[in-house]
Asker: 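First the structure, which I've put down as structure tokens, then a few questions once you've had a look.
Basis for what follows: all heavy atoms, side chains included, without hydrogens, waters or symmetry-related copies. Worth saying up front: this structure is predicted, and the values here are computed from it rather than measured. The chains referred to below are lettered A, B, ... by the order of the sequence lines, with proteins before strands, and numbering in each begins at 1.
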Number of protein chains: 2
Amino acid sequence: MARKSSRSTSFDVAALAGVSQSAVSRAFTTGSRIADETRTKVLEAALKLNYVPNSIASSLTTKRTNIVALIIGNLDNPFYVHVLHTFSRRLQEQGRQVLIFTVEPNSESDEAIMHLLKYQVDGVVLTAAQLSTRMISLCHDRGIPIVLFNRYIPGSDASGVRCDNVAGGALIAEAFLAAGAKNFALITGDLKGTTSQDRVRGFVGRLLEGGVKRTRIVEVEGHSSYEGALNATAKLFRDQNRVRPDALFGVNDIMAMAAIDALRHRIGLRVPEDLMVGGFDDIPEGRRLPYQLTTVRQPIEQMVDETLQLLHLDDPTEPIPRGIDRPIKGRLIWRNTIPVPLSHRWTEPEIQS
Amino acid sequence: MARKSSRSTSFDVAALAGVSQSAVSRAFTTGSRIADETRTKVLEAALKLNYVPNSIASSLTTKRTNIVALIIGNLDNPFYVHVLHTFSRRLQEQGRQVLIFTVEPNSESDEAIMHLLKYQVDGVVLTAAQLSTRMISLCHDRGIPIVLFNRYIPGSDASGVRCDNVAGGALIAEAFLAAGAKNFALITGDLKGTTSQDRVRGFVGRLLEGGVKRTRIVEVEGHSSYEGALNATAKLFRDQNRVRPDALFGVNDIMAMAAIDALRHRIGLRVPEDLMVGGFDDIPEGRRLPYQLTTVRQPIEQMVDETLQLLHLDDPTEPIPRGIDRPIKGRLIWRNTIPVPLSHRWTEPEIQS
DNA sequence: GTGAAAGCGCTAACAT
DNA sequence: ATGTTAGCGCTTTCAC
């Protein structure tokens, strides 16, 4: 037996209210010419029939679905969960919804694009994943704006919003320098990702500027994950002959946390007494008692705001922004994994929420 | 200047391929009568025009959107992130997508329902949130199946899939008993949520059966969150005159982890030497070096499978399953926060992945 | 301010 | 196997 999908339509409502179907449509469209009295009549009838406008049908004519696609590659990193949550909340406030596309971390999301095209989404946000330039123009040609969150694709005309990762990496380098570190280790993330590359570049660049020799900086791959960073840290300390670093930069917080765990529980080193460590992102987990991680905070709210602005959801007549790059400065949050140098003691105290 | 939404339609493709529009439709519908030759012609033309079928338009006639709504109330708990991820992956494999509705944890999600109704979703999954019975029938009346994930609503005819929380709670109680605990503490979650209630019930019930007196069990509210459990633990040990518990059950893993952190870093107690602790969920974070949490594993994959089955996405003619309750047994994972009694030593060794 | 009618892009009978 | 045609539920001119 087929399911009785007794969904009433605008015609049903019109009949009950004794008006035309277009009146019903108008009653549900804010800012359309309709007498208050008529609207009330319609709304009452609608309530009786449990009528809810079919937005699938309306988007056929309006060409707006009020759906935004979010392609996300790494839900294991709490940072991106937070990003997802922020987007969802903001969009819901505007009467829009997030259609989620999960892809393998750092894999091509071309297939996802092909799918979201079918859904006629109003815009797409791409985060923690790769994308070919072909797909970008495929979207743009159809009038679908796409903005990259925290990554950019060299040679493409896609716009993007990101944390200023180079400057952020430099912030950690400065903190290490100020705390008197001499030998540095670096756990990098996804090698293909611009996010990790930039943080590394900013970090190393600032160190070099500060007179640190290249040989005093070791790099290991952490693959942006907790497990990856665990292995990376082990590798770092396997070679006993090498000089032991006294400062370690985890290119994101989960890797920095993994490093701390490995240091304490496997290597037997104390943080920050034996080794200081810095992170990047400022995920809530890094604030927890065992970590109290000194890190660079990414201003998620602001980044999401800028992203939404670039999407021009409210005005589809706006031309799609192309080639725009909005780097947003992060802020160093002093906590306990880097000793605070005396000169910094009384500045920038963190207001704990 | 308006955005050129140069989306080509099935008519454009038909014209280029020299066939009728319905031939194009058939070419994109698997299992429809069409000559291979024709299909090839169509597909070639479609490729040239970058044509992608508009599934919004097709769902107008098919009455299927291939969209499943997921209402989620707590993205702060990694367990639910994992649930979301699993649903998304599974659904994508079937050519469907997740439309996400985030609501305040434990708040009514009635408003979310009103919104998802507009999108004509094929089904809805509700997790970590409340729902009125009125909304359930609103969905059911329209032929939209809704299944509750890990919760149930007394007196409603909504179906649900959940971990057998009562049995799971009992598992932790047994482990404590076997390890020789005498005084018990309990950090509860959301008081309104059936999940927490059931775990508490199973835990306390088993303890009582084991001859433990009610006075030996203390309960504090942890509000299902890390921060809440931190406070709860502090409260637990504030009163110095009270007998100190030697076993603590955090009704979910994040709360158990918070308790461990508080115990070690604030109270100055060792786990498990001074106090054993058990959790529930088996989130990956609980496996990490500092915790190695003994806990009850929720079989997410299986739970998601069952949920998807109840949704009958592939066969909308199936009647909506009503009042079905599918409790799925969890499994105790022995790790380091509860001393393994000798009798258990050689049984159920955990295969670490 | 309101109704009639056309049409958004597709699927599904129905013919052929 | 293929084309023709009538909708799906709505928005949007266009008259009145």
Asker: Among the candidates D:dT2, D:dG3, D:dT11, find the nucleotide nearest to the side-chain atoms of B:Thr38.
Answerer: D:dT2
Asker: Mark yes or no for a side-chain to base donor-acceptor pair under 3.5 Å between B:Ser22 and D:dT4, with no hydrogen or angle criteria applied.
Answerer: yes
Asker: Is it true that A:Arg96 and A:Asp314 make a salt bridge, defined as a side-chain N closer than 4.0 Å to a carboxylate O?
Answerer: yes
Asker: Considering only D:dG3, C:dG3, D:dT11, which nucleotide approaches the side chain of B:Val19 most closely?
Answerer: D:dG3
Asker: Sort me out a list of protein N/O and nucleotides 8-10 of chain C N/O pairs below 3.5 Å, or just none if empty.
Answerer:
from	atom 1	to	atom 2	distance (Å)
C:dC8	O3'	A:Lys63	NZ	3.2
C:dG9	OP1	A:Lys63	NZ	3.4
C:dG9	N2	B:Ala57	O	3.2
C:dC10	OP1	B:Tyr51	OH	2.7
C:dC10	OP1	B:Asn54	N	3.2
C:dC10	OP2	B:Ser10	N	2.5
C:dC10	OP2	B:Ser10	OG	2.8

Asker: Side chain of B:Ser88, backbone of B:His85: donor and acceptor closer than 3.5 Å?
Answerer: no
Asker: Check if the side chain of A:Arg39 and the base of C:dG1 share a donor-acceptor pair of N or O atoms closer than 3.5 Å.
Answerer: no
Asker: Output the rounded distance in Å from CZ (B:Arg26) to P (C:dC14).
Answerer: 14 Å
Asker: Report, as yes or no, whether the 6.0 Å neighbourhood of atom CD on B:Glu111 holds more than 12 heavy atoms from other residues, nucleotides or ligands.
Answerer: no
Asker: What's the closest nucleotide to the side chain of B:Ala35 if the choices are C:dA12, D:dA1, C:dG3?
Answerer: D:dA1
Asker: Under the side-chain contact (heavy atoms from CB on, under 4.5 Å) test against B:Pro321, which residue among B:Leu311, B:Val147, B:Asp157, B:Leu310 passes?
Answerer: B:Leu310
Asker: Roughly, in whole Å, what's the span from CD1 in B:Ile34 to P in D:dT2?
Answerer: 6 Å
